[in-house]
Amino acid sequence: MICEKILGNINNTNHTKAVETVDFEWHEIYKKLHKKITSSGEEIGIRLDNDILKKGLRDGDILYEDDKKTVVVNILPCETIIVDVRPDHLASVAKVCYEIGNRHATLLHGEGDFQFLTPYTAPMKEMLEKIHGTTVHVDTIHLDFDKSISSTVNNHTH
């Protein structure tokens with residue numbers, strides 16, 4: 001099976017067909033070519049156009065649909081650094097965003113105005129822990145790329 005475009009998102013439809021998922025790591029969602037296995041064990045090829053380089057895949061995106069089944073994207077949870085900036089240290093917001101962006105790492109809004117997320121690396125965590133007025137912890141979560149601050153995922157495309 002070859003999938004060449006996103007047919008919609010399962011979260012925006014009423015579905016009664018069987019749903020199969022295709023797992024993606026967070027860093028794969030902005031790539032055009034994939035060879036994957038569905039949750040039922042079927043091999044699929046995915047060849048998307050250049051729009052995916054900016055939009056990326058989203059959880060629930062429909063890759064294939066027929067009268068019996070729907071194949072959708074499942075973005076796996078990943079180890080994530082969660083940075084909370086205390087409201088009395090607002091200058092640290094700029095510092096956190098600058099440091100993450102300067103390393104060309106993915107940056108997302110967290111819960112509330114003063115929380116930021118980035119995929120885990122030990123050097124990034126160590127650096128962020130040194131910023132005054134912040135608390136940093138690591139958790140395994142689903143990243144919501146609709147809350148992305150950076151324009152792409154670890155890519156120098158502008």
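- The distance from atom CD1 of I82 to atom OG1 of T118, rounded to the nearest 0.5 Å, is 11.0 Å.
- Taking every heavy atom of both residues into account, C3 and L48 meet most closely at O-CD2, 4.5 Å.
- Atom OG1 of T135 and atom CZ of R86 lie 8.0 Å apart (nearest 0.5 Å).
- Side-chain atoms of D61 never come within 3.5 Å of backbone atoms of N9 as a donor-acceptor pair (strictly under, hydrogens ignored).
- Interatomic distance, K130 NZ to K125 NZ, rounded to the nearest 0.5 Å: 11.5 Å.
- Contacts of D144 classified as side chain to side chain contact (heavy atoms under 4.5 Å, CB included), with partners at least two apart in sequence or in another chain: D146, K147.
- Side-chain contact between H137 and D84 is present, with at least one heavy-atom pair separated by less than 4.5 Å.
- Taking both residues in full, the closest heavy atoms of I75 and L57 are given as CD1-O, 3.8 Å, listed atom of the first, atom of the second, then distance.
- Scanning all heavy atoms of the two residues, the minimum distance from S92 to T134 falls at CB-CG2, 4.2 Å.
- Of the listed residues (L143, I149, T80, I100), just one forms a side-chain contact (heavy atoms from CB on, under 4.5 Å) with L108, and that residue is L143.
- Residues V19 and I37 are members of separate hydrophobic clusters, defined by side-chain heavy-atom contacts under 4.5 angstrom among Ile, Leu, Val, Met, Phe, Trp and Tyr.
- For D23, the side chain to side chain contact (heavy atoms under 4.5 Å, CB included) partners at least two apart in sequence or on another chain are T21, N74, L76.
- Scanning all heavy atoms of the two residues, the minimum distance from F116 to F114 falls at CE1-C, 3.9 Å.
- Side-chain contact between L107 and L117 is absent, with no heavy-atom pair separated by less than 4.5 Å.
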Can you list the steps and then say if I131 with E99 is a side chain to side chain contact (heavy atoms under 4.5 Å, CB included)? CA-CA 10 Å; I131 298 175; E99 293 295 349; 4.3 Å; yes
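- In the hydrophobic clustering of ILVMFWY residues, with side-chain heavy atoms under 4.5 Å counting as a link, V73 and L7 come out apart.
- To the nearest 0.5 Å, atoms NZ (K69) and CD (E42) are separated by 3.5 Å.
- Side-chain rings of F24 and H34 approach one another, their centers coming within less than 6.0 Å.
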Please step through side chain to side chain donor-acceptor pair (under 3.5 Å) for the pair E20 and S40, ending with a clear verdict. CA-CA 7 Å; E20 295 180 25; S40 70; 2.7 Å; yes
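- In this structure, the separation between CG on N102 and NZ on K95 is 9.0 Å, given to the nearest 0.5 Å.
- Salt bridge absent: K68 and D66 never bring a charged side-chain N and a carboxylate O closer than 4.0 Å.
- In terms of heavy-atom proximity, R103 sits nearest to P123 at NH1-O, 3.8 Å.
- The NZ atom of K55 lies 6.0 Å from the CD1 atom of I6; values are rounded to the nearest 0.5 Å.
- Applying the 6.0 Å contact sphere to NZ of K5 captures no more than 12 heavy atoms from other residues, nucleotides or ligands.
- Ring planes of Y30 and F145: perpendicular class, angle over 60° (limits at 30 and 60°).
- A salt bridge is absent between D51 and K32; no separation between the charged side-chain nitrogens and carboxylate oxygens falls under 4.0 Å.
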Go through K36 and E43 one step at a time and tell me if the side chain to side chain contact (heavy atoms under 4.5 Å, CB included) criterion holds. CA-CA 6 Å; K36 295 284 189 175; E43 187 173 298; over 6 Å; no
